[in-house]
Structure formats: C-alpha cells, structure tokens
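These numbers were taken from a predicted model, which means no experiment stands behind them.
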Amino acid sequence: MSARTHTRPPVTTGRVEIRLPWWALALPVIAFAALLTLMLNPSDAHATTDQPAITHLVERAQQLMTR
C-alpha cells in the first residue's frame, strides 16, 4: 500500500501575467493601416457593377428555384 502525497496549490501573488504572441498585435495594426489608406484615397475604389451583389444573388436563386 502506497502512501498518499498531499500537494498544495501554487501560491498566488494576486497578479496575472499575460503574454501575447507578436502577431496578436501586428495583425490588427496592419488591418487598421490598410483600411485607413483605403479611406484616405477613395478615388482608387471603383464599383464593379451597377447592380448590387445581393440582388444578383437573389435573382440567381429565383432562377434556380423555377427550373
């Protein structure tokens, strides 16, 4: 018969230490910078069609349902 060992929970100091990977900060910064440059230069943004994509999608779904 083996003796039971009693373990104590680790002593907490009341402080929480969190370490983030480098990309956890880099990715939001890159995304924000990309969106900011798009917003600052709106002349580069061109509409692809006159008809919204959702309208085209709904029309296509109706065509498929009527077959």
Side-chain angles (χ1 to χ4, degrees):
M1 186 155 118
S2 63
R4 293 186 184 180
T5 57
H6 296 283
T7 58
R8 294 182 185 167
V11 178
T12 58
T13 60
R15 235 176 22 169
V16 177
E17 186 174 329
I18 298 174
R19 292 183 177 250
L20 294 174
W22 64 269
W23 50 266
L25 182 62
L27 289 179
V29 169
I30 291 170
F32 178 76
L35 290 173
L36 185 63
T37 56
L38 286 174
M39 192 172 71
L40 291 177
N41 195 2
S43 64
D44 291 338
H46 300 288
T48 56
T49 61
D50 294 337
Q51 191 176 25
I54 191 72
T55 305
H56 180 68
L57 181 66
V58 169
E59 288 175 357
R60 182 73 176 141
Q62 286 175 345
Q63 289 174 356
L64 291 173
M65 293 171 118
T66 57
R67 285 187 180 178

Chemist: Give, for atom CD of Q63 and atom CZ of R60, the distance between the pair rounded to the nearest 0.5 Å.
Modeler: 6.0 Å
Chemist: Can you get from F32 to L27 by hopping between Ile, Leu, Val, Met, Phe, Trp and Tyr side chains that sit under 4.5 Å apart?
Modeler: no
Chemist: When rounded to the nearest 0.5 angstrom, what is the spacing between CD1 in I30 and CG in L35?
Modeler: 12.0 Å
